[in-house]
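A quick write-up on the structure given underneath.
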Amino acid sequence: MNVELIGLTKRYGAAIAVDGIDLKVPSGAYCCLLGPSGCGKTTTLRMIGGHERVSAGEVVIGPKAVGDAPPAERGTAMMFQSYALFPHLDARDNVAFSLKMRGIGKAERRAKAMAMLDLVQMGHLAGRLPAQLSGGQQQRVALARALVTGPKVLLLDEPLSALDPFLRVRMRVELKRIQTELGLTFIHVTHSQEEAMALSDLVVVMNAGRIEQAADPRTVFERPATAFVARFIGGHNVIRLPDGLVAVRADRMRLGAEAGPSAVPARVVAVEYQGTSVHVGLDADGLERPPESPAALTAILSDADFSARPLRPGDTVPVGWDEAAAHRLDA
């Protein structure tokens with residue numbers, strides 16, 4: 001089911017958490033709301049689900065505006081950051097609990113719960129209590145519980161943040177598999193750029209209550225709309241030229257003899273080995289450092305290229321980029 005936000009606003013007294021945003025999420029899309037803490041992404045998610053009152057604007061789910069409709073009447077389900085499983089109920093009864101509250105008979109609700117547990121590959125652990133499950137297993141149970149009511153839109157509030165890095169990658173694959181298999185619209189809040197890029201059909205980058213850019217992951221990475229997007233997504237240098245700002249991907253920076261005729265001398269201030277690549281931090285006269293960054297520019301070199309021409313902090317090296325590699329940013 002499609003979701004549309006029209007001038008959506010949330011105020012807390014004089015403070016504006018979400019500032020008149022417009023967004024269309026197509027039916028069956030996987031959408032990630034991405035941004036730093038305090039940007040308004042979770043508040044937006046909660047307004048879509050009816051867990052937060054709207055100050056102004058509209059939330060439209062499917063063919064109608066939902067206004068002040070309660071969560072149960074919106075066709076949505078929310079998977080919260082805290083899984084909040086009932087400790088005294090086993091996995092099957094945790095999943096079946098919402099069906100019990102709706103008056104569905106024991107045999108039917110247990111059958112539906114088992115079907116959802118099978119979908120998330122947890123059927124074999126249906127009889128275990130939450131304390132007997134790992135964090136990843138608890139997350140799967142929470143996901144099954146959110147899906148068992150048959151929502152048209154699933155809302156996920158940083159569902160992977162509590163998992164270790166290896167399990168997080170595995171669960172990304174599972175979330176995308178389930179979303180594709182069920183054909184549901186997923187709206188997923190995250191502060192992880194990698195997570196958003198891996199999962200999304202639509203990435204919505206938020207900053208200070210507004211949408212900086214909404215596009216498919218490749219467009220956001222290849223053609224960031226603003227300096228904020230370029231810096232937050234990562235992998236880009238934002239460079240101020242006389243005629244405005246441009247973004248240049250760090251892996252398209254050129255060092256040494258390949259720097260070209262427009263090269264400027266730069267000082268190496270950091271070298272970080274990343275396995276398949278090496279990140280080289282550089283400072284140059286006339287180039288400003290981004291906030292909280294140790295260097296004005298970053299160049300990403302392959303391990304082989306760096307090994308052939310190694311650099312150390314304190315070295316001076318020409319740095320440049322091809323004109324075609326520079327993407328102009330909005331003011």
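These figures come from a predicted structure and were not determined experimentally.
- Between Val203 and Asp216, the closest side-chain pair of non-hydrogen atoms is not below 4.5 Å.
- Under a 4.0 Å N-O distance rule, the pair Arg252/Asp322 does not qualify as a salt bridge.
- Linking ILVMFWY residues whenever their side-chain heavy atoms come closer than 4.5 Å, directly or via other members, places Met116 and Ile104 in the same cluster.
- Counted within 6.0 Å of CD on Glu194, heavy atoms from surrounding residues, nucleotides or ligands total 12 or fewer; the atom is thus considered open.
- Checked for salt-bridge contact, Lys41 and Glu212 miss the test: no charged N lies under 4.0 Å from a carboxylate O.
- Proximity of His51 to Pro71: side-chain heavy atoms (C-beta onward) are separated by under 4.5 Å at one or more points.
- Side chains of Thr76 and Pro151 form no contact here, defined as non-hydrogen atoms less than 4.5 Å apart.
- Side-chain contact between Leu184 and Leu147 is present, with heavy atoms from C-beta onward closer than 4.5 Å.
- Here the closest heavy-atom approach between residue Ser200 and residue Pro217 is recorded as O-CG, 3.3 Å.
- With rounding to the nearest 0.5 angstrom, the CD atom of Gln132 is 11.0 Å from the CD atom of Gln138.
- The shortest distance between side-chain heavy atoms of Thr298 and Leu282 does not fall below 4.5 Å.
- Tyr30 is linked by a ring-ring contact (aromatic ring centres under 6.0 Å, His included) to Phe186, His188, counting only residues two or more places apart in sequence or in another chain.
- Scanning for side-chain contact (heavy atoms from CB on, under 4.5 Å) contacts around Val173 gives an empty result, with sequence neighbours left out.
- Proximity of Pro36 to His191: side-chain heavy atoms (C-beta onward) are nowhere separated by under 4.5 Å.
- The CZ atom of Arg223 sits 5.0 Å away from atom NE2 of His327, with the distance rounded to the nearest 0.5 Å.
- One hydrophobic cluster, built from ILVMFWY side chains closer than 4.5 Å, holds both Leu156 and Leu163.
- Using a 4.0 Å cut-off between charged side-chain N and carboxylate O, Asp22 and Arg210 make no salt bridge.
- By the 4.5 Å heavy-atom criterion applied to side chains, Asn237 and Trp321 are not counted as neighbours.
- The CE atom of Met47 lies 7.0 Å from the OG atom of Ser55; values are rounded to the nearest 0.5 Å.
- Nearest heavy atom pair, residue Val25 against residue Ala29, reads CG1-CB, 4.2 Å.
- Summarising the geometry, atom CG belonging to Leu143 is positioned 4.5 Å from atom CD1 belonging to Ile178; distances are rounded to the nearest 0.5 Å.
- With rounding to the nearest 0.5 Å, the separation of CD1 in Ile211 from CD1 in Ile21 is 4.0 Å.
- Comment: Arg46 does not engage Asp157 in a salt bridge, judged by the lack of any side-chain N to carboxylate O separation of less than 4.0 angstrom.
- For Glu158 and Thr190, the side-chain atoms include no donor-acceptor pair closer than 3.5 Å.
- In summary, Asp90 and Arg128 do not engage in a salt bridge, as defined by a charged side-chain N under 4.0 Å from a carboxylate O.
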* **Worked check of salt bridge (Lys or Arg N to Asp or Glu O under 4.0 Å) between Arg110 and Asp93** => CA-CA 7 Å; Arg110 285 195 161 192; Asp93 286 343; 3.5 Å; yes

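- In this structure, the separation between CG on Leu33 and CD1 on Ile187 is 6.5 Å, given to the nearest 0.5 Å.
- Counting only heavy atoms from C-beta outward, the side chains of Leu119 and Leu182 approach each other to under 4.5 Å.
- Salt bridge annotation for Glu288-Arg240: present, with a cationic side-chain nitrogen under 4.0 angstrom from a carboxylate oxygen.
- Cluster annotation: Val264 is connected to Val248 through the hydrophobic network of ILVMFWY side chains, with a link wherever side-chain heavy atoms come within less than 4.5 Å.
- Cluster membership for Leu85 and Met171, using ILVMFWY side-chain heavy atoms within less than 4.5 angstrom, is shared.
- The pair Asp19-Lys10 fails the salt-bridge criterion, with no side-chain N (NZ, NE, NH1 or NH2) lying under 4.0 Å from an Asp/Glu carboxylate O.
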* **Pair Tyr273-His279, ring-ring contact (aromatic ring centres under 6.0 Å, His included): steps then yes or no** => CA-CA 7 Å; Tyr273 176 68; His279 294 203; over 10 Å; no

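- Hydrophobic clustering places Val18 together with Val66 (ILVMFWY residues linked when any side-chain heavy atoms are closer than 4.5 Å, directly or through intermediates).
- Between Arg170 and Glu174, no side-chain nitrogen of the basic residue sits less than 4.0 Å from a carboxylate oxygen of the acidic one, so the salt-bridge criterion is not met.
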